[in-house]
Amino acid sequence: MKRITVPARPDWQAKARAVGFGFHEMYGEPYWLDDAAYVFSLQEIEKQIEAPSSELHEMCMDLVGDIVGSEEQLDRLAIPEQLRDIVQRSWQRGDRHLYGRFDLAYDGKGPAKLLEYNADTPTSVFETGYFQYNWLTDQIDLGVLPNDADQFNSLQENLIEAFGEFPKSSIFHFAGMLDNEEDRGTIVYLMDCAVQAGHRVDLLDMADIGIDAQGRFTDLQNRVIDRCFKLYPWEFMLREPFARQLIPSGDAFVEPAWKAVLSNKGLLPLLWKRHEGHPNLLAAYFPDDAKAGELTNFVRKPLLSREGENVTITRNGEVTASMPGIYGEEGFVIQAYAPLFESEGGYAVLGSWIVGDRACGLAVREDRSPITANLSRFIPHFIQD
Amino acid sequence: MRRRFIGGRSPLLALGTIAASSLALAGCAGEAPAEVMFTTAEQCIQAGMDQQVCQTGYQDAVQAHLTNAPRFDGLAACEAEYGEGQCTAAPAQADGGGGTGFFMPFLAGYMMSSALNNMGAYNNYRRDRELNGYANGASPIYRNRSGQTLTPTVGRPNGTAIVPNRATMQPVNVNTQTVARQGFGGRSTGMGFGG
């Protein structure tokens with residue numbers, strides 16, 4: 001693994017504009033970098049990223065049944081008591097899931113370490129599956145990269161295949177916070193994949209979802225929503241005014257409700273307890289566990305948090321980095337500190353995609369801070385031996 | 001041979017852009033979204049769809065209608081479900097299986113994706129649906145007494161066709177009345193919630 005600089009494609013901004021990728025700049029900062037790249041060997045991709053991601057996903061899936069069957073563990077994950085049924089039944093019914101992204105710490109030396117599983121609302125899917133792919137083929141055509149340069153990326157074809165597994169009798173609705181350009185772009189890209197899989201689709205804002213007298217969810221045309229992808233966290237849905245309606249009608253949503261136990265940082269101590277010493281896991285504990293106090297270099301993360309908010313890093317008893325935020329009231333976990341790949345570009349986190357149950361792509365983001373947050377940048381990667 | 005991850009078809013965007021809003025998808029403000037039901041091929045063409053796609057979709061739906069429309073053994077039974085004047089005698093099947101005094105509802109329309117803007121796209125859509133156990137491309141749509149829109153399910157367990165009846169009909173995003181909205185998304189801050 002290394003980071004290199006390359007000439008940017010001369011027309012990349014026009015290409016971004018042409019496909020509506022307006023958020024290649026966010027908060028006045030560049031988000032997409034066209035003139036830098038991470039390079040991996042095929043062996044690193046296969047042995048250190050792809051295979052461990054498949055294994056971690058299996059370990060997670062294996063744990064879901066135990067968690068949803070244990071009141072104590074659901075307490076630990078702060079799943080609201082009166083709504084546990086929604087989560088449990090979605091698992092028992094086998095509600096189909098679509099995708100997720102592991103965040104891994106990997107510096108090219110030891111095994112990759114699991115930082116967290118974004119199993120409910122992962123973004124950067126368009127950047128990975130579409131824009132990064134075209135970056136590679138363009139750079140090969142331009143002669144910047146050799147013909148045999150490859151990329152760990154079959155994300156889009158896997159998404160189309162996974163959407164194809166959902167029944168097509170009803171409209172596939174897509175919902176989220178549409179006033180956010182990044183979220184909307186992510187949703188429309190996934191909707192595009194669904195169209196390519198043969199679905200009829202419709203897009204609406206999360207707040208525009210309605211209910212009818214029978215407690216079914218409805219769209220703006222007053223049609224019952226039979227199936228709906230939502231880029232909106234389950235932990236919010238379970239605490240909002242329509243939460244009760246999820247009891248009869250929650251099975252409409254993708255990701256399904258059982259993903260709430262995987263996208264929760266409480267998963268990390270539960271995984272560690274089950275697989276203590278696993279090479280791809282970091283020691284992780286709930287704060288009341290005596291072993292949490294034995295860690296000298298550790299990261300404290302809220303159970304429920306997005307974009308690095310309310311995360312603090314402590315090294316040798318001193319807080320070396322922390323992020324403000326709105327999260328933390330549900331509790332925290334303590335995870336052993338793992339160094340990230342560090343270069344002149346900052347700190348890199350590897351996002352390893354799971355679609356259906358298959359590891360099928362890589363997204364590298366880097367940040368000036370060791371806590372990857374909303375000002376992180378997306379850097380394309382390629383494989384070359 | 002050395003394994004390669006990419007090298008097949010480069011990813012494409014069917015909608016062409018990820019900046020589409022629901023309004024842009026609908027084609028014009030406040031109109032129906034990417035999923036559409038047409039009552040006739042003419043209405044489909046007037047809506048700006050490709051003429052050949054509209055006609056083929058209609059023919060496919062009529063085919064599915066003849067094979068899969070729910071059958072009733074009397075006019076009254078059919079009308080009880082679908083409304084007075086909304087049923088007709090089922091025609092004799094080409095294979096000699098019909099013309100037996102069964103009744104079925106009129107086709108209210110057909111439904112398909114408005115993203116299908118040429119025959120190539122339609123053929124892919126049809127092939128895809130066939131792979132998923134549907135007989136046809138566009139779906140036949142019926143409207144029952146209470147205004148619900150319905151379509152036949154077309155399962156063929158063990159290779160034998162199911163005899164169409166009321167139980168094989170399923171609601172398709174049935175029309176209803178919304179009594180409340182704004183029950184989700186309350187934590188909106190303009191910030192995204194992906195991660």
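First the proteins, then the strands, lettered A, B, ... as listed; each starts at 1.
Heavy atoms of other residues, nucleotides or ligands lying less than 6.0 angstrom from OH of B/Tyr58 number 12 at most. The number of heavy atoms from other shown groups lying within 6.0 Å of CD (A/Gln214) is above 12. Surrounding CZ of A/Arg358 are at most 12 heavy atoms belonging to other residues, nucleotides or ligands under 6.0 Å away.
B/Gln182 places a side-chain heavy atom less than 4.5 Å from the side chain of A/Asp208. A 4.5 Å side-chain heavy-atom check between B/Tyr125 and A/Val195 finds every atom pair outside the cut-off. No side-chain heavy atom of B/Ile18 sits less than 4.5 Å from a side-chain heavy atom of A/Val19.
Heavy-atom distances place the side chain of A/Phe126, and not its backbone, under 4.5 Å from chain B. Contact annotation for A/Phe174: neither backbone nor side-chain heavy atoms come within less than 4.5 Å of a heavy atom of chain B. If you measure heavy-atom distances from A/Thr186 to chain B, you find no contacts under 4.5 Å at all. Contact of A/Asp120 with chain B is not made at all, since no heavy-atom distance falls under 4.5 Å. Using a 4.5 Å cut-off between heavy atoms, A/Ile45 contacts chain B through its side chain alone, with no backbone atom that close. Heavy-atom distances place no part of A/Leu190 under 4.5 Å from chain B, backbone and side chain included. Contacts of A/Ala175 with chain B are absent, with no heavy-atom separation under 4.5 Å from either backbone or side chain. Neither the backbone nor the side chain of A/Leu159 comes within contact range of chain B, judged by heavy atoms closer than 4.5 Å. At a 4.5 Å heavy-atom cutoff, the contact between A/Phe152 and chain B is made by backbone and side-chain atoms alike.
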Checklist entry - Taking it one step at a time, do B/Gln177 and A/Asp212 satisfy side-chain contact (heavy atoms from CB on, under 4.5 Å)? => result CA-CA 6 Å; B/Gln177 289 298 315; A/Asp212 71 3; 5.6 Å; no

Checklist entry - Between A/Ile211 and B/Val179, is a side-chain contact (heavy atoms from CB on, under 4.5 Å) present by the stated rule, with each step listed? => result CA-CA 6 Å; A/Ile211 48 164; B/Val179 296; 4.2 Å; yes

Item to check | Worked check of side-chain contact (heavy atoms from CB on, under 4.5 Å) between A/Asp150 and B/Ile6 | outcome: CA-CA 6 Å; A/Asp150 196 7; B/Ile6 72 162; 3.3 Å; yes

Item to check | Worked verdict on A/Met191 versus B/Leu15 for side-chain contact (heavy atoms from CB on, under 4.5 Å) | outcome: CA-CA 9 Å; A/Met191 196 165 76; B/Leu15 306 171; 4.1 Å; yes

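Put simply, the side chain of A/Glu240 gets close to the backbone of B/Gly185: a donor and an acceptor are under 3.5 Å apart. A donor-acceptor pair is defined here as one N or O able to donate and one able to accept, closer than 3.5 Å; no such pair exists between the side chain of A/Arg200 and the backbone of B/Met111. Panel note: side chain B/Arg4, backbone A/Ala149; a donor-acceptor pair is recorded below 3.5 Å. Using a distance-only test at 3.5 Å, with no hydrogens or angles considered, a donor-acceptor pair links the side chain of A/Gln156 to the main chain of B/Leu12.
Contacts with chain B were tallied for A/Leu220, A/Leu136, A/Asp205, A/Thr372; A/Leu220 has the most, counting heavy-atom pairs under 4.5 Å. Here A/Asp192 is the residue among A/Asp385, A/Leu42, A/Asp192, A/Ile160 with the most heavy-atom pairs under 4.5 Å with chain B. Put simply, of A/Ser154, A/Ala213, A/Gly351, the one with the most heavy-atom pairs under 4.5 Å next to chain B is A/Ala213.
A side-chain donor from one of B/Thr178 and A/Asn222 sits under 3.5 Å from a side-chain acceptor of the other.
The two atoms that bring B/Pro11 and A/Tyr130 nearest to each other are O-CE1, 3.4 Å, heavy atoms only.
Ionic pairing of A/Glu46 and B/Arg3 is present here: one or more N-O contacts between side-chain nitrogen and carboxylate oxygen are shorter than 4.0 angstrom.
Using cut-offs of 30° and 60° for the angle between ring planes, the B/Phe184 and A/Phe217 rings count as tilted.
The one candidate from A/Ile383, A/Leu155, A/Asn153 that meets the side-chain contact (heavy atoms from CB on, under 4.5 Å) condition with B/Phe5 is A/Ile383.
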